[in-house]
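Beneath this line is the structure, given in structure tokens, with notes to follow.
Basis for what follows: all heavy atoms, side chains included, without hydrogens, waters or symmetry-related copies. The sequence lines fix the lettering, A, B, ..., with proteins before strands; numbering per chain opens at 1.
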There are 2 protein chains.
Amino acid sequence: MEKLVLISFLSSIFAIGYALYLRWSVLKMETGTPKMVEIYGAIREGAKAFLYRQYKTIAVICTVLSLILYFVFDLGAGRALPLTAAAVLTGTFCSLLAGFIGMDASTSANVRCTAAAKKGMHEALTVAFRGGAVTGLAVVGSSLFGVTLLYYLYAMLLPGIPAGAKPLDPVLIVGLGFGASFAALFAQLGGGIYTKAADVGADLVGKVEAGIPEDDPRNPAVVADLVGDNVGDCAGRGADLFESITGENIGAMILGFVLWPVYGIGGIMFPLIARCAGIIATILGMAFVRPGPEETNPMRPLNMGLYASTVLCAVAFYILVQLLLKGNMGLFYAAIIGLATSVLITKITEYYTERDRQPVISVAKSSMTGPATTIITGISVGLESTALPVVLLTSAILLAYKINADPAYPGLIDPAGIYGTAIATMGMLAITPMILAFDVFGPISDNAGGIAEMANLEEDVRKNTDRLDAAGNTTKALTKGYAMGSATLAAFLLFSAYLTEVTHLSGGKVDLLRDGINIAKPEIFVGVFIGAALPFLFSSLAIKAVGRAAFQIVEEVRRQFREIKGIMEGTAKPEYGKCVDIVTKASLREMVAPSMLVLIVPVAVGLLLGAEAVGGLLMGATISGVLLAMFMNNGGAAWDNAKKYIEAGNLGGKRLPTGEKNPTHAASVIGDTVGDPLKDTAGPSLHVLVKLINTISLIFAPLFV
Amino acid sequence: MEKLVLISFLSSIFAIGYALYLRWSVLKMETGTPKMVEIYGAIREGAKAFLYRQYKTIAVICTVLSLILYFVFDLGAGRALPLTAAAVLTGTFCSLLAGFIGMDASTSANVRCTAAAKKGMHEALTVAFRGGAVTGLAVVGSSLFGVTLLYYLYAMLLPGIPAGAKPLDPVLIVGLGFGASFAALFAQLGGGIYTKAADVGADLVGKVEAGIPEDDPRNPAVVADLVGDNVGDCAGRGADLFESITGENIGAMILGFVLWPVYGIGGIMFPLIARCAGIIATILGMAFVRPGPEETNPMRPLNMGLYASTVLCAVAFYILVQLLLKGNMGLFYAAIIGLATSVLITKITEYYTERDRQPVISVAKSSMTGPATTIITGISVGLESTALPVVLLTSAILLAYKINADPAYPGLIDPAGIYGTAIATMGMLAITPMILAFDVFGPISDNAGGIAEMANLEEDVRKNTDRLDAAGNTTKALTKGYAMGSATLAAFLLFSAYLTEVTHLSGGKVDLLRDGINIAKPEIFVGVFIGAALPFLFSSLAIKAVGRAAFQIVEEVRRQFREIKGIMEGTAKPEYGKCVDIVTKASLREMVAPSMLVLIVPVAVGLLLGAEAVGGLLMGATISGVLLAMFMNNGGAAWDNAKKYIEAGNLGGKRLPTGEKNPTHAASVIGDTVGDPLKDTAGPSLHVLVKLINTISLIFAPLFV
């Protein structure tokens, strides 16, 4: 075991170290004109204000959580309180650390990307990609570090495990996943409310009331808007995937623990070592992102890196299966299924959301008959886009299970088959650093474009950043598809871990591994139904929260215009930080109701209807949450890109030849606005909900049996 | 048994007879001015054209279905082909007969309602309510007639049932439910596409291109539009509830058959006798709908009738439980739970969709900041509106089960408890004739208003019909809530019947009553997930179908304007029937893809993954279908009534004091248009999907085991 732990430690430190190296390589690049530096300073100041406030809030919540956990674990579940509380704190801390490194890097890379765009698109692309890779590696590295550290420490600390006996039950570090989940909920839901509230608030007062253009530095909320891009896509998605890989690691370790008689410590440590291999493979793959000076399509080098990482991961999985899993080829095939799923799900998402594909064009064309048809077509595209991913994800789960399960297994669910689905999930999550680099690439190039526009740089620079920005929109949509797919697999894994845990806790009295979760039982049917309704209510609350937070921004901007003389003349600097602080406070306050819902409902169902009904609830919430999230993410992205399709000069472009505004474009703008809170607030928060509800149930399981 | 069959027969004939009496009492009323008669004639002509074409299509489909069934049942499932085929035909025929009587009555009542409105609102209300009651009684009466006839005939025909032995297995008449389901899918989906396509098509060419006002008789599509109101709300919802009560009756009989050792023939026939009691109770309750000449609120007398029927039903259930179910009070409480659920679900729907309640006002207020916020708020209201009904429906199922189940029952699902949920469903469906009368009241008063407007009647008449129309909007929304709730319970019942049937068919080899449907098994998880995705894809197809059918109407109206000289001058009559025929053809053609999806997916899942996975599919489709339907129905109704709230003079009304159009109103119109295909096409069709998918699985069960 010690050797495997050491490898895991070294890899995690290598990942964080390489992230810091990339950060350094970005930081040493030039920052451009004083005007650019001024804007960049304001964005960084805003991001710091957000992080400061957010960390304060999370500290409070963590204390409350520890008290709740003390109460729960005092009920005699036989697990030591300080260890679980420490695990929750570690999970939260690691998630926040990764978020901090990532935010710091992306808010440093934006201005340098703008400066590099003066030399050419390929230079700018390299900066944006490296900036994104910092987040990718920091997230994966700190997750691996936390899991390895805790598992090793607890194995050392806990008495009663004689040498050579069964190792420590990984369920003891599940608090880590729970801490990560809670941090993710804050980061994703809070960040989602933040980014859209700032966006809408800035537009309403700036463009409509004061009559100043978009991204104008005189608007006190403009920085909050630019910060929002980082907060939602960088910190939010980072925490989302941090949670996925942490939850997946722990869930897979719990399942590996069940198979200890078969694979020994190798089966338990495999998830960690596979993560190490993923880190090495993606760092090597990053070397393939090497755009030449004559490159015109930013997606080409990015895709090169993705494919290279995927192939390297496949090779690594083959070797690791030989070394740690007794060469069981079924598990290798499962890993390949996971890798293939991750590539295919991004392709499907691409089809439904890319600017020049049929679905987006159909939304754009329907704008010719006004906003109502734009909305209707977008809704129908979003609804349709759920079908193929469901077929893909369910096939992946079923295949990975079937290949590895023993057909003659007497019980309901063969742990060997479930371990197969766990390995498939590992395969899917292996390329996470690359996918996250893709994702954070988005806000960096978006910010770079904004800085270029605000600093009045020459036309060529903006052309270069615009091309990156378009690619960034695609990569952002891909990441959401990937995050949603991995959330599904992670949730299925955590669900299986829940069944294992309840059976274990009840001492076999409630044997869910034998009885399963039987939907024909009325209690469980009720649990599934309530679980399925939860994402609907949650989304409704999240969407309403955006509206209320935006209203507070509007008030603050009006106040600054009224009280600070000289803003409009450019002689006084608006208080950017104040706006940022207000939207931060508002968004963190607004997320209380939805997050309490996620916490209270499973616990209430568990206390009223028992552990089995909670199992039903988990499945209901997972399935309906995933479907709603796809509907919202893809519908929203289709509206967004339909607008971009028209702005690219199709269907009349932004303005008619007469100089009048094109009503087709106006209709598409309404579609885009409708999609914003769906795709950037409610949709991505649902990924987190799906996983959080599973870790909550795992943590509170002792209460239900 | 013979005595119970006789009671059932006589009640069904009494219901149909009373419906015909009400029809006669409406027909003998005066029809008003020649202009009114002309418009009314056109609407009837259109309705006939629709029914003619629709019946032709259904005849073809029925033949194909019979062939498929021959093929299936030839596989040796042990059930006689001619009987099942005859059952399917009977179900289809009864559903169509009820639809015919209802459509005929409502298209006769509309003009008489207008004429009566000259004398006062109370007179008009009486006509509209009686017209609606015709459909209500015809639907319930013909369903009861069909079920009783078939069950009695088959019991006579089938050899091998010695006197005193266990009676005929009601599963043999399940084809009746399947026939009813297919007819309902055509009526509801086809009708839904029809009504919205005609609406949008008429508006686009009439108002926008030709510049003639809404409801102008020169517009060739205007009659199709008025026909559409009847087609969607009257025929569509009638078939929907026909399916619910038929499916519920047969499902409950199958469960009663399981309990034959306990209750004997009484348990099997109870659902039929309970229906008889419901018929008598609602006919008596209708006497309470007696508006005085000074009545100002049409909802007051309607609610009086509803409450009276509910109380009478409760009394009747008490007596029947004593007579037929050995005085088992648990089953009486279950019936009360069902009755209470039906009243509460209409109240919840009322809260979310009524014009002067907070949710609708919030949508209206959000229109002040433009169409995007209107849409976002409506989406959030729709999402939120799913929560309370889910809590209500699941509580009803669970309570009815728990009260009647034996806590010490050794198996997974106690048939006694499931029979309790069946009785709750009967309680919920007992007041169906009243609810349907409420529903059809809507299109009649809507049509009455249209006729008043087109015939240029005095202001007072229109004021009276407008008040009825507003009440009609509320009752239509209530009925959807009720239909959705009853679809949930009926689906749960059919699901239980499916478990029973598969166990029976496989001779215990696949014992779903013992094993249930275990969502922890990967195959079943996959089934649930695919089932849950089905309503999303189905809705997408339905919404797109509306767009394509509307396009064909636009083409036809343009052709008539071009080729028939004198339309615009009023010297030539447009070919209303042609427009109606085209939209009929288009809507029936457009519904092929969505309905094939509903047919093919469960059969494919059954063949590939087995009978258990189909069980999972049923649950997934039911839960996600119900949630999506509520989201669409309530969101759509909220948008509709937010527009009406503004048109009533709030938030600036239709026009500003300057005479300019009020942009707030314009935004609310966009919301209304977005909601139309959701609430009138996709949403209600999902009720049918939820039940059809259950009857399909029951019919094809022999293929899966």
Side-chain angles (χ1 to χ4, degrees), chain A residues 204 366 369-373 375-377 379-381 383-384 386-387 390-391 393-394 397-398 401-402 412-413 417 421 492 495-496 499 512 516-523 525-526 528-530 532-533 536-537 539-541 543-544 547 615-616 619-620 623-624 627 631 670 673-674 677-678, chain B residues 204 366 369-373 375-377 379-381 383-384 386-387 390-391 393-394 397-398 401-402 412-413 417 421 492 495-496 499 512 516-523 525-526 528-530 532-533 536-537 539-541 543-544 547 615-616 619-620 623-624 627 631 670 673-674 677-678:
Chain A
L204 274 183
S366 68
T369 38
T373 41
I375 305 290
I376 291 171
T377 313
I379 289 178
S380 103
V381 165
L383 289 169
E384 187 193 312
T386 60
V390 166
V391 172
L393 290 170
T394 54
I397 289 176
L398 199 60
Y401 178 83
K402 285 279 176 195
L412 190 68
I413 318 153
T421 64
F492 186 74
F495 172 70
S496 306
L499 301 184
L512 294 188
I517 298 296
N518 210 312
I519 201 172
K521 263 177 125 169
E523 291 93 333
F525 172 77
V526 167
V528 177
F529 211 156
I530 291 176
F536 281 75
L537 185 55
S539 306
S540 169
L541 294 176
I543 292 168
K544 276 187 198 152
M619 284 289 98
I623 291 176
S624 117
L627 288 169
F631 161 60
I670 291 170
T673 314
V674 169
L678 302 184
Chain B
L204 273 184
S366 68
T369 38
T373 42
I375 305 291
I376 291 172
T377 313
I379 288 177
S380 104
V381 165
L383 289 169
E384 186 193 313
T386 59
V390 166
V391 172
L393 291 170
T394 53
I397 289 175
L398 199 60
Y401 178 84
K402 286 279 178 194
L412 190 68
I413 318 154
T421 65
F492 185 74
F495 171 71
S496 305
L499 301 184
L512 294 188
I517 298 296
N518 210 313
I519 202 173
K521 263 178 124 167
E523 292 92 331
F525 173 75
V526 167
V528 176
F529 211 155
I530 291 177
F536 282 75
L537 185 55
S539 305
S540 169
L541 293 176
I543 293 168
K544 277 186 198 151
M619 283 290 97
I623 290 174
S624 118
L627 288 169
F631 162 59
I670 291 170
T673 314
V674 168
L678 302 184

Looking only at heavy atoms and a cut-off of under 4.5 Å, which of B:Pro371, B:Gly417, B:Ser496 has the most pairs with chain A?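 Highest number of heavy-atom pairs under 4.5 Å: B:Pro371.
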Can you tell which of B:Ile375, B:Thr673, B:Ile519, B:Ile543 has the highest number of heavy-atom pairs within less than 4.5 Å of chain A? B:Ile519
With sequence neighbours left out, the residues meeting side chain to side chain donor-acceptor pair (under 3.5 Å) with A:Thr373 are A:Thr369
For B:Glu384, all residues meeting side chain to side chain donor-acceptor pair (under 3.5 Å), sequence neighbours excluded: A:Lys544, B:Tyr352
State, yes or no, whether a side-chain contact exists between A:Ile376 and B:Pro677 at a heavy-atom distance under 4.5 Å.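 Answer yes - side chains close enough.
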Checking heavy atoms, do the side chain of [X], its backbone, both or neither come under 4.5 Å from chain A?
X: B:Leu537; result: both
X: B:Leu393; result: neither
X: B:Val528; result: both
X: B:Phe529; result: both
X: B:Leu541; result: neither

According to the interplanar angle, ranging from 0 to 90°, do the rings of B:Phe525 and A:Phe492 count as parallel (below 30°), tilted (30 to 60°) or perpendicular (above 60°)?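 Tilted.
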Of the non-hydrogen atoms in [X] and [Y], which two are nearest, and what is the gap between them?
X: A:Ala520; Y: B:Leu499; value: CB-CD1, 3.5 Å
X: B:Ser380; Y: A:Ser540; value: O-OG, 2.8 Å
X: A:Leu383; Y: B:Ser539; value: CD1-CB, 3.8 Å
X: A:Ala533; Y: B:Val390; value: CB-CG2, 3.9 Å

Does the pair A:Ile623 and B:Ile623 meet the rule for a side-chain contact (heavy atoms from CB on, under 4.5 Å), with working shown? CA-CA 10 Å; A:Ile623 291 176; B:Ile623 290 174; over 6 Å; no
Interatomic spacing from [atom1] in [X] to [atom2] in [Y] - rounded to 0.5 Å:
X: A:Thr394; Y: B:Ile530; atom1: OG1; atom2: CD1; value: 4.5 Å
X: A:Leu627; Y: B:Leu627; atom1: CG; atom2: CG; value: 10.5 Å
X: A:Lys521; Y: B:Leu398; atom1: NZ; atom2: CG; value: 11.5 Å
X: B:Ile670; Y: A:Ile670; atom1: CD1; atom2: CD1; value: 5.5 Å

